[in-house]
K.L.:
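Attaching a single structure in structure tokens format; questions to follow.
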Amino acid sequence: MLDLKFVRGNPELVREALAKRGSPVSLDDFLDLDEQRRDKLFIVEQMKSRRNIVSEEIGRLKKAGKETKDMILEMKELSQQIKERDEEIKVIEEKLQIILLNIPNVPHESVPAGSSEADNPVVRTWGEPRNFDFSPRPHWEIGEALDIIDFERGGKVTGARFSFYKGSGSRLERSVISYMLDLHTAEHNYVEIFPPFMVNRDSMVGTGQLPKFAEDMFKIEGTDYYLIPTAEVPVTNLYRNEILDGEKLPIYHCAYSACFRAEAGAAGRDTRGLIRQHQFNKVELVKFCRPEHSYDELEKLTANAERVLQLLGLPYRVVVLCAGDLGFSSAKTYDIEVWLPSYQDYKEISSCSNFEDYQARRAGIRFRNDKGKAELAHTLNGSGLAVGRTVAAILENYQESDGSVTVPEVLRPYMGGLSRIY
RNA sequence: GGAGGAGUAGCGAAGAGGCUGUAACGCGCCGCACUCGAAAUGCGGUUGUCAUGGAAGUGGCACGUGGGUUCGAAUCCCACCUCCUCCGCCA
């Protein structure tokens, strides 16, 4: 959510910034409602002030045994008017809030122009895609052949875009999760969180999934709860409506969670394999910091996620999202894309974003600054990494001509010493 | 699921329709005094938000949340949420 006063004071700037995203929002209604609100507020506050003064006077007169009938009648009338005007203001404020909640974040000045994924500049590339002396197979074929992933029965037991891991596959998934968490906690100073996998509506609004993207979520019928699409939601909302001790910043958290996404509008995309499932595992990195540090923190966070791929020996590249491809709440995002032989291309495996104060304002996440004043924190997060896609990348990049898969060195301790799945 | 109890500032805690109750008192924190320095002590300060204003300031709102009663609500009424205790059930 943008600052109401900022939008009021800089409508042109906001219009331009949002046009860069390719979905310009009309601010005319907003500015008109804002003016109405302030006009009405000014009047009703004067009325309330009078009510307070006279009511106090009534108390004094009553105590002195004086006549107060006329004053009470007048105040009764005044209170009725106040009530009516308060209603009007409430309606206006609700409309304003809806508009404000549906305006995306303003892209950072360093974000390149562009309208789609195709316009995202490559920032850097790491590793060389392997040259296979045989025809490499996609991970879903490898997984099925080794009997370590079962897509067929996933469909039977639940439905499309669900799967079972089995045996070494199951252990590989678990190993990747543990490995990532151990790396981020031991070497990158993140404090591990194990969050709830369901959150209430306020949390979903806080991080920006709602109200705009309700169709992407799974909601638990008969409750106010949603299945989380990412651990970002519970972990960022950990400090919702709190004023943090400024000394405690920056706060680094990492969290494993299952993630649930309805994938509305993704019909026909990535229909095979682990790439796009309704339920997948992810290790998420979340940061809370002072505004002046958030862009340094974004670089560091991205580097922390890259480190996982480097240690796993998986080739990747980093792209910076152009304005048109930027997520709703984000001011700047780097995507890390891992090499997938089956796609003959790089595929997103992590998305690292600085939300600046956009989420913090929605969620009321503040800290006490050096002057003792409450100030909005900046929030960041990134995948560190998406586990299913990591497993897919391992299976494909480490496959051997005999159909077996070499276990990356760093994962072997987690695999009970297993060096090859066959 | 049933029966009780409780939610007030950073923390603890008082207040039970208007009477120095934006909120005592204690702790914490900041400043000043005393001191060579510190401790102890004393004095002062210490919520957020909205509106208005160049600023100083002025005003509105907020005592878990949302409604209601009243000229006036932290205080009375209703609903909901959270926490605690006991019972039942359960990994």
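Just so we're on the same page: letters track the sequence lines, and every chain starts at 1. When reading the values below, keep in mind they use all heavy atoms of this one structure, side chains included, and skip hydrogens, waters and symmetry mates.
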K.L.:
Just to be sure I understand the rule, does A:L41 reach a base, reach only the sugar-phosphate, or reach nothing, if contact means heavy atoms closer than 4.0 Å?
P.N.:
sugar-phosphate

K.L.:
Rounded to whole angstrom units, what separation is found between the CE atom of A:M47 and the P atom of B:C71?
P.N.:
16 Å

K.L.:
Would you call A:E74-A:R51 a salt bridge at under 4.0 Å N-O?
P.N.:
no

K.L.:
Picking from A:Q399, A:E144, A:E396, what satisfies side chain to side chain contact (heavy atoms under 4.5 Å, CB included) with A:H139?
P.N.:
A:E396

K.L.:
Reading RNA chain B from 5' onward, which residue's closest nucleotide shows up sooner: A:M71 or A:A374?
P.N.:
A:A374

K.L.:
Got A:F288 and A:L249 here, is their nearest side-chain heavy-atom distance under 4.5 Å?
P.N.:
yes

K.L.:
Please give the distance between the P atoms of B:A62 and B:U22 as a whole number of Å.
P.N.:
12 Å

K.L.:
In whole Å, measure the gap between the P atoms of B:C77 and B:U70 for me.
P.N.:
16 Å

K.L.:
Are A:W339 and A:K347 close enough, and set up right, to give a side-chain contact (heavy atoms from CB on, under 4.5 Å), and what steps lead you there?
P.N.:
CA-CA 6 Å; A:W339 177 257; A:K347 186 75 182 172; over 6 Å; no

K.L.:
Between B:U70 and A:S79, is there an OP1 or OP2 to side-chain N/O distance shorter than 4.0 Å?
P.N.:
no

K.L.:
Are there over 12 heavy-atom neighbours, none belonging to A:E152, within less than 6.0 Å of that residue's CD?
P.N.:
no

K.L.:
Under 4.0 Å, counting only non-hydrogen atoms across every strand here, what does A:R8 touch: a base, just sugar-phosphate, or nothing?
P.N.:
sugar-phosphate

K.L.:
Tell me whether the side-chain N/O atoms of A:R38 come closer than 4.0 Å to OP1 or OP2 in B:C50.
P.N.:
no

K.L.:
In terms of side-chain geometry, is the basic nitrogen of A:D150 or A:R153 positioned less than 4.0 Å from the acidic oxygen of its partner?
P.N.:
yes

K.L.:
Please report the distance separating the P of B:A13 from the corresponding atom of B:U85, rounded so that it comes out in whole Å.
P.N.:
16 Å

K.L.:
I want to check something: taking the side chain as every heavy atom from C-beta on, are A:R137 and A:S342 in contact at a cut-off of under 4.5 Å?
P.N.:
no

K.L.:
If you check every side-chain atom of A:R366, which of B:G18, B:G48, B:C50 has the closest atom?
P.N.:
B:G48

K.L.:
Which value, rounded to the nearest 0.5 Å, describes the distance between A:Y295 atom OH and A:L380 atom CG?
P.N.:
8.5 Å

K.L.:
Look at A:E263 together with A:R276 and state whether they make a salt bridge at an N to O cut-off of under 4.0 Å.
P.N.:
yes

K.L.:
Rounded to whole Å, please give me the gap between CD1 in A:I58 and C1' in B:G18.
P.N.:
10 Å

K.L.:
Look at the side chain of A:S175 and the backbone N and O of A:Y414, then say whether any donor-acceptor pair between them is shorter than 3.5 Å.
P.N.:
yes

K.L.:
Round to a whole Å and report the spacing from CG of A:D3 to C1' of B:U49.
P.N.:
12 Å

K.L.:
Rounding to the closest angstrom, what is the interatomic distance between B:A56 and B:A73 at atom C1'?
P.N.:
33 Å

K.L.:
For B:G10 and A:R368 - does any side-chain N or O of the residue sit under 4.0 Å from the phosphate oxygens OP1/OP2?
P.N.:
yes

K.L.:
Rounded to whole Å, please give me the gap between CZ in A:R201 and C1' in B:C80.
P.N.:
17 Å

K.L.:
Could you tell me the separation between the CG atom of A:N241 and the P atom of B:U49, rounded to a whole number of Å?
P.N.:
12 Å

K.L.:
Mind checking the P distance from B:G31 to B:A40? Whole angstroms is fine.
P.N.:
15 Å

K.L.:
Side chain of A:L4 only, heavy atoms from C-beta on: which candidate in B:A51, B:C71, B:U49 is closest?
P.N.:
B:A51

K.L.:
Scan nucleotides 58-69 of chain B nucleotide by nucleotide, 5' to 3', and note B when protein non-hydrogen atoms come under 4.0 Å of the base, S if they reach only the sugar-phosphate, - if neither.
P.N.:
-BSS-----SSS

K.L.:
Let's test your reading of the pairing rules: Watson-Crick or G-U wobble, both distances under 3.5 Å, then write RNA chain B as a dot-bracket string with ( ), [ ], | and dots.
P.N.:
((((((((.[[[..)..(......]]]((((((.......))))))((((((....)))))).[[[[[..)....]]]]])))))))....

K.L.:
Under 4.0 Å from OP1 or OP2 of B:U47: is there any side-chain N or O of A:K373 that close?
P.N.:
no

K.L.:
Taking only the C1' atom of each, what is the distance from B:G64 to B:C86 in whole angstrom?
P.N.:
24 Å

K.L.:
Within this structure, what is the CZ-to-C1' distance between A:F42 and B:U52, rounded to whole angstrom?
P.N.:
6 Å

K.L.:
What distance, rounded to whole Å, do you find between the two P atoms, one in B:U65 and one in B:C11?
P.N.:
14 Å

K.L.:
How do A:I243 and A:E56 order along RNA chain B: which one's closest nucleotide is nearer the 5' end?
P.N.:
A:E56

K.L.:
Using whole Å, what does the distance between atom P of nucleotide B:G48 and atom CG of A:L376 come to?
P.N.:
13 Å

K.L.:
Between A:D296 and A:K300, does any side-chain N to carboxylate O distance fall below 4.0 Å?
P.N.:
no

K.L.:
On a whole-Å scale, what distance lies between the P atoms belonging to B:A23 and B:U47?
P.N.:
11 Å

